2 protein chains.
Amino acid sequence: MATNIRDVAKAAGVSVATVSKVLNGYTTVNKQTKEKVLQCVRELQFRPNLAARSLVGRRSMTIGIFLTTGLAHPFFTRILAGMEQALQKRGYDLIYLAQMSWSKEYSLVRHCQSRNVEGVVVFGFDQGGADFGELIESRIPAVFIDLDIREGRAGYISSDNLEAAERAVAYLAGLNHRKISYLSGNEYSYANRQRLAGYRAGLAGAGLAWREEYVTKGDYTRETGYQAMQELLALPEPPTAVVCCSDMSAIGAIDAIRDAGLSVPKEVSVIGFDDIELAGYVRPALTTVRQDMMTIGRRAIELLDELIVDESLAPPEVIVPTELVVRESCGPAPAD
Amino acid sequence: MATNIRDVAKAAGVSVATVSKVLNGYTTVNKQTKEKVLQCVRELQFRPNLAARSLVGRRSMTIGIFLTTGLAHPFFTRILAGMEQALQKRGYDLIYLAQMSWSKEYSLVRHCQSRNVEGVVVFGFDQGGADFGELIESRIPAVFIDLDIREGRAGYISSDNLEAAERAVAYLAGLNHRKISYLSGNEYSYANRQRLAGYRAGLAGAGLAWREEYVTKGDYTRETGYQAMQELLALPEPPTAVVCCSDMSAIGAIDAIRDAGLSVPKEVSVIGFDDIELAGYVRPALTTVRQDMMTIGRRAIELLDELIVDESLAPPEVIVPTELVVRESCGPAPAD
DNA sequence: TTGAAAGCGCTAACAA
DNA sequence: TTGTTAGCGCTTTCAA
């Protein structure tokens, strides 16, 4: 069986209370006693049982992560990798809340409580896709990724989508493009809405008019990217440049452009979004907006830790800068 | 605060013991009492506190996952996605054991015990890279992925690497290749060793001689793939076909072939391993061995569950079949 | 068929 | 400065 606090107490010749005090950093312990206890802890490789500890109201050092996107999300690994260092540094383990199914029956809050989760990271929800009222009310600290919820003890973190899209448009305008389109992602996605706003701002900044028909619908996938691009190309005045909501949709768009007998970037320039691994491998290599998902993951944990530690902390909002990665899919606007 | 068993007991007008019995499926409860209790549980959305439950020796419904590869591993997401369904179905949550650093101080066993983890899946270790003696001794159920440990309550699961490499060689031999090379991954990787053995078997099956110089060193990465291929091409009698230990190393090899002024598959055929997303996107698209990581993930959880539930179960060994995905990177051997 | 009570490993209030 | 003890939420033995 695992060693417990009584084994340590016995070995050190003190009471369990003393061991507990040493372990919890109380200063009212004699220095020598403390040393003795610490040594026994090391020798026995004692680790307090976290179930027992959290049962008495102490910290469980557990952070939950909750997703709907499913694990298949292209970013998930990078976010997790970013979280890893922060988790280790602050002593948390991450529990993947798999027992969910977003139904009436299921309560994320209950799940967290039953597991003594100290805080939760939520990722992959669209606006209006789920009701987080219960979570907010419960006052369980929460950090949302890519969803602008900021209330009670819940805050959020996301890339600077607005600025990124604006810059993408400006970059294209600098290449003399005047017919610039935006290939949308999921309509209710916060990130997509921000990008759309950035696109609009970029247009304005470049002195270009907003054209309803230049904004298509889609859902971030290659398939809808392909389809949307086809529609764009069928327009009386097709765009010469497209800002895409994701790299996958950009790849779909490029396929459509190619299938229409046109070339990228000669006749149409394409900018992706995300900079997934694929972006550098496809031909032409994608010029794209790089999202710093490692930083987002790391900061998410840091924010959550702050929310956990400080009950009265104002709900944070963190916007992480992006980077335009110039590769081969954009070129000067073709002469009319 | 969260509802507890006493709230339920009060609401149902029974004792906590009765509620507990209902919750744990005891049959010694009056049917009406049971109904009443169940209804209160639903209404209050009661979920037993798992910390308390596991403290009294009951199940924690927690499975740990432990990696050294780091999260960046290309398969990790797919494995996790495979695990997801099995976890949900069997009622487990997955805890990512982040507090590790493979040092003398750290004890995976203690970590598991302190978190009341019922079983652990281990992924990303090379043979001899770590000592799992303590884990085996502890009798904590464990399932290793891609590492052939089978002892006590620990078993493993992996792709059929041997058969896969053998088939790859046979495929190439069928294309009339007689100078077939193996581009190695990490020397101490179990998967790599199996593939090497498969390569050898394939050679034998095709009546080809083993040539020391046709087996290179590497570590699965694009960089070492590039380098190894360069060495191969510098040989007096360079191979006309290469079986690679991974898709990334295959991509590196293709780069090297191209940089040497040769073409794939015209002058050199290349087979990858894994079938990562990229494999279908590079030019030429990679012919490769597809590993079914979703199945590996799912089965890993299922195996672990069986080990947890049945104390005396023999340590399992599961080999998952692979599939040769034929794309564009292999062709007939060039005429001499 | 039900309930009272002990105890899992730990922390913290209180007493010594 | 140290130890005794109650109690966290739950399960389980034993008695009713």
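Just so you know, these numbers come straight off a predicted model, no measurement behind them. Throughout, protein chains are lettered first and strands after them, A, B, ... in sequence-line order, and every chain is numbered starting at 1.
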Worksheet item: How many Å lie between NZ on B:K31 and P on C:dT1, as a whole number?
Response: 12 Å

Discussion item. Quick check on D:dT12: is either OP1 or OP2 less than 4.0 Å from any side-chain nitrogen or oxygen of B:R58?
Written reply: yes

Fill in: Among C:dC10, D:dT11, C:dT11, the nucleotide that comes nearest once only the side chain of A:S20 is considered
C:dT11

Fill in: Whole angstrom value for the distance that separates P of C:dT11 from CG of A:L23
6 Å

Response to the item:
To the nearest angstrom, the CG-P distance between B:N49 and D:dG9 comes to 8 Å

Worksheet, complete the sentence: Minimal heavy-atom distance between A:A300 and A:I145, with the atoms involved, is CB-CD1, 4.3 Å

Atom pairs, N/O to N/O, protein against nucleotides 3-7 of chain D, distance under 3.5 Å?
from, atom 1, to, atom 2, distance (Å)
D:dG3, OP2, A:S15, N, 2.8
D:dG3, OP2, A:S15, OG, 3.2
D:dG3, OP2, A:T18, OG1, 2.9
D:dG3, O6, A:K21, NZ, 2.7

Item to complete: Taking atom CD of B:E151 as the centre, report whether more than 12 heavy atoms of other residues, nucleotides or ligands fall under 6.0 Å from it.
Response: no

Response to the item:
note: B:N24, atom CG; D:dC10, atom C1'; distance rounded to Å ~ 9 Å

Fill in: Carboxylate-amine/guanidinium proximity below 4.0 Å for A:E35 and A:K31
no

Worksheet item: With respect to the side chain of A:R53, which nucleotide from D:dT11, C:dT11, D:dC10 is positioned closest?
Response: C:dT11

Worksheet item: Please give, in whole Å, the distance from C:dG9 P to B:R110 CZ?
Response: 13 Å

Worksheet item: Sequence neighbours excluded, which residues qualify as salt bridge (Lys or Arg N to Asp or Glu O under 4.0 Å) partners of B:R139?
Response: none

Fill in: Stepwise side chain to side chain contact (heavy atoms under 4.5 Å, CB included) test for A:I95 and A:I65
CA-CA 6 Å; A:I95 189 160; A:I65 183 160; over 6 Å; no

Worksheet item: Quick one: do the A:Q45 and A:T3 side chains pair a donor with an acceptor below 3.5 Å?
Response: no

Discussion item. Do B:E84 and A:Y96 make a side-chain contact, defined as non-hydrogen atoms from C-beta onward lying under 4.5 Å apart?
Written reply: yes

Discussion item. Enumerate the salt bridge (Lys or Arg N to Asp or Glu O under 4.0 Å) contacts for residues 49-65 of chain A, please, sequence neighbours excluded, ordered by first and then second residue.
Written reply: A:R59-A:E118

Worksheet, complete the sentence: Whole-Å distance, A:Q113 CD to D:dC8 C1', equals 15 Å

Item to complete: Compute the angle between the rotation axes at the two ends of the helix from C:dT1-D:dA16 to C:dA16-D:dT1, each taken over five pairs, rounded to 10 degrees.
Response: 50°

Worksheet item: Applying the side chain to side chain contact (heavy atoms under 4.5 Å, CB included) test to A:V14, which of A:V22, A:V19, A:V8 qualifies?
Response: A:V19

Fill in: DNA chain C: 5'-proximal contact among A:P48 and B:T28 (nearest heavy atom)
B:T28

Discussion item. For C:dG9 and A:R6 - does any side-chain N or O of the residue sit under 4.0 Å from the phosphate oxygens OP1/OP2?
Written reply: yes

Discussion item. Rounding to an integer number of Å, can you tell me how far B:I5 CD1 sits from C:dA4 C1'?
Written reply: 14 Å

Fill in: d(CG, A:N116; P, D:dG9) in whole Å
10 Å

Item to complete: Name every residue in residues 32-43 of chain B that has at least one heavy atom under 4.0 Å from any atom of DNA chain D, in order of residue number, or write none if there are no such residues.
Response: none

Could you pull out every donor-acceptor pair under 3.5 Å between side chains of residues 36-44 of chain A and any protein atom, sequence neighbours left out?
from, atom 1, to, atom 2, distance (Å)
A:Q39, NE2, A:E43, OE2, 3.0

Discussion item. How about CD on A:E137, more than 12 heavy atoms from neighbouring residues, nucleotides or ligands closer than 6.0 Å, or not?
Written reply: no

Worksheet item: For the residue pair B:F123 and B:F144, is the inter-centroid distance of their aromatic rings smaller than 6.0 Å?
Response: no

Worksheet item: Should A:N30 be listed as having a side-chain N or O under 4.0 Å from OP1 or OP2 of D:dT1?
Response: no

Worksheet item: Has A:Y26 got a side-chain N or O lying under 4.0 Å from the OP1 or OP2 atom of D:dT1?
Response: no

Discussion item. With a 4.0 Å limit, can you tell me whether A:N4 has a side-chain N or O closer than that to the phosphate oxygens OP1/OP2 of C:dG9?
Written reply: yes

